[in-house]
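Heads up, the thing below is written out as structure tokens.
Residue indices begin at 1 and follow the sequence shown.
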Amino acid sequence: MTFPVVGMVGGGQLARMTHEAGIPLGIRFKLLSDTPQDSAAQVVSDVVVGDYRDLETLRAFARGCDVITFDHEHVPTEHLRALEADGIPVRPGPDALVHAQDKGVMRAKLDAIGVPCPRHRIVSDPQDVAAFAAEGEGFPVVLKTVRGGYDGKGVWVVGSVEEAADPFKAGVPVLAEEKVDFVRELAANVVRSPHGQAVAYPVVESRQVNGVCDTVIAPAPDLDEALALRAEEMALNIAKELGVVGHLAVELFQTRDGRILVNELAMRPHNSGHWSMDGAVTSQFANHVRAVLDLPLGDPRPRATWTVMVNVLGGDYPDMYSAYLHCMARDPQLKIHMYGKDVKPGRKVGHVNTYGDDLDDVLERARHAAGYLRGTITE
């Protein structure tokens with residue numbers, strides 16, 4: 001029996017963990033990585049170092065692959081169409097992926113299919129930003145470059161027309177959005193296969209620090225059951241309407257008046273789903289592999305009452321390995337996932353998962369471990 005080869009474009013930690021999920025299934029991976037030192041390039045045996053923005057590099061990489069998937073959304077749409085024309089399955093395909101690549105396209109499509117979003121429009125200059133603000137509640141407003149932003153990059157909260165100049169310096173269209181008065185951020189993670197089977201994970205709460213995901217709680221505490229169901233149905237409908245194959249993360253605002261609004265889309269495994277590695281019957285990574293290969297999807301239900309994920313960010317303490325003794329001895333149930341990255345301040349270098357029946361205890365254990373690994377907690 002010949003097992004398929006999954007071609008993964010991008011060598012970051014998402015590719016690393018997706019590869020890990022494929023190992024028990026005997027799935028082989030081929031990786032297109034920027035450098036041999038990238039997170040996934042350290043563990044995948046078949047690595048091609050090259051530029052994903054070059055079509056001929058992509059075509060050469062795709063030879064021998066049964067399907068192409070991604071750990072980021074930055075491959076040019078026209079290149080993906082060329083691969084499809086060559087007969088290479090691309091999942092998610094370019095018609096779907098463009099909605100995660102371009103925030104303007106995403107907002108227009110979500111409007112067309114009736115998905116609630118913050119008030120928004122493309123703006124042309126700082127004076128147009130002021131006009132957009134005047135059409136609503138005034139400043140502040142949120143400005144986003146339509147392509148290329150992540151983890152708070154490419155996003156500005158501006159309080160005046162004078163502050164609105166910087167986003168236009170990138171030379172790409174700028175999307176203006178109302179600054180939503182929200183209670184908290186949620187995420188609905190779903191996975192969809194080519195023949196339309198889909199599963200939904202429990203809606204989670206995502207807590208941000210300086211624009212970067214810090215903590216995820218699964219399921220979201222004190223979330224009304226009807227609102228949770230609405231969020232799952234919304235995510236499943238978006239996946240269907242956009243033709244997503246693989247994992248889709250729908251980042252949401254829960255507003256003070258009881259609504260949920262779509263903030264962002266990601267068509268790949270996502271930080272808000274890392275809890276599922278240890279807290280769900282089938283992880284987001286395993287289900288992404290199944291989906292792109294059109295295998296039956298796995299059970300997304302949680303295996304514990306509560307699972308908490310906390311990201312481990314780099315700080316001034318580079319020797320994280322020496323902290324394992326304390327963390328593992330203190331909490332034998334702790335799950336540590338490191339990405340093989342050099343430690344730099346503020347950089348995501350790993351995450352920890354904890355689980356149990358008492359949410360306060362599970363939160364404390366996860367925060368302590370992440371803080372001790374970073375060096376901000378020393379006892």
Practice task
Assess whether side-chain contact (heavy atoms from CB on, under 4.5 Å) is satisfied between Arg268 and Asp71, documenting all intermediate values.
Solution key: CA-CA 6 Å; Arg268 49 173 169 75; Asp71 92 333; 5.6 Å; no
Checking the side chain of [X] only, and the main-chain atoms of [Y] only, is there a donor and an acceptor separated by less than 3.5 Å?
X	Y	value
Ser276	Ala280	no
Asn237	Glu233	no
Arg303	Gly279	no
Ser39	Tyr339	yes
Lys30	Arg63	yes
Gln101	Glu73	yes
Asn311	Cys213	yes
His79	Pro76	no
Gln42	Gln37	yes

Looking only at the side chains, is there a donor atom on one of [X] and [Y] sitting less than 3.5 Å from an acceptor on the other?
X	Y	answer
His288	Thr69	yes
Gln13	Lys341	yes
Ser272	Asn189	yes
Asp111	His120	yes
Asn271	His351	no
Thr57	Asp51	no
Asp34	Tyr52	no
His195	Asp294	yes
Gln208	Ser206	yes
Ser33	Asp38	yes
Gln333	Thr354	no

Under the ring-ring contact (aromatic ring centres under 6.0 Å, His included) test, which residues partner [X], sequence neighbours left out?
X	result
Tyr317	none
Phe61	none
His270	none

Problem - More than 12 heavy atoms from other groups under 6.0 Å of CZ on Arg121 - result: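 Enclosed: over 12 neighbouring heavy atoms sit under 6.0 Å from CZ of Arg121.
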Handout entry: Among Leu261, Val250, Val262, Val105, side chain to side chain contact (heavy atoms under 4.5 Å, CB included) partner for Leu110
Key =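 It is Val262, the one option of Leu261, Val250, Val262, Val105 that forms the side chain to side chain contact (heavy atoms under 4.5 Å, CB included) with Leu110.
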Practice task
Please test Cys117 against Arg107 for side-chain contact (heavy atoms from CB on, under 4.5 Å), starting from the C-alpha separation and ending with a verdict.
Solution key: CA-CA 8 Å; Cys117 298; Arg107 287 288 184 228; 3.4 Å; yes
Practice task
Measure from NZ or CZ of Arg119 to the centre of the six-membered ring of Phe132 and say whether it is under 6.0 Å with the direction within 45° of the ring axis.
Solution key: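 Positive - Arg119 is close enough to the ring of Phe132 and near enough to its axis.
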Exercise for the section: Would you check if the distance from the ring center of Phe285 to the ring center of His274 is below 6.0 Å? Expected result: yes
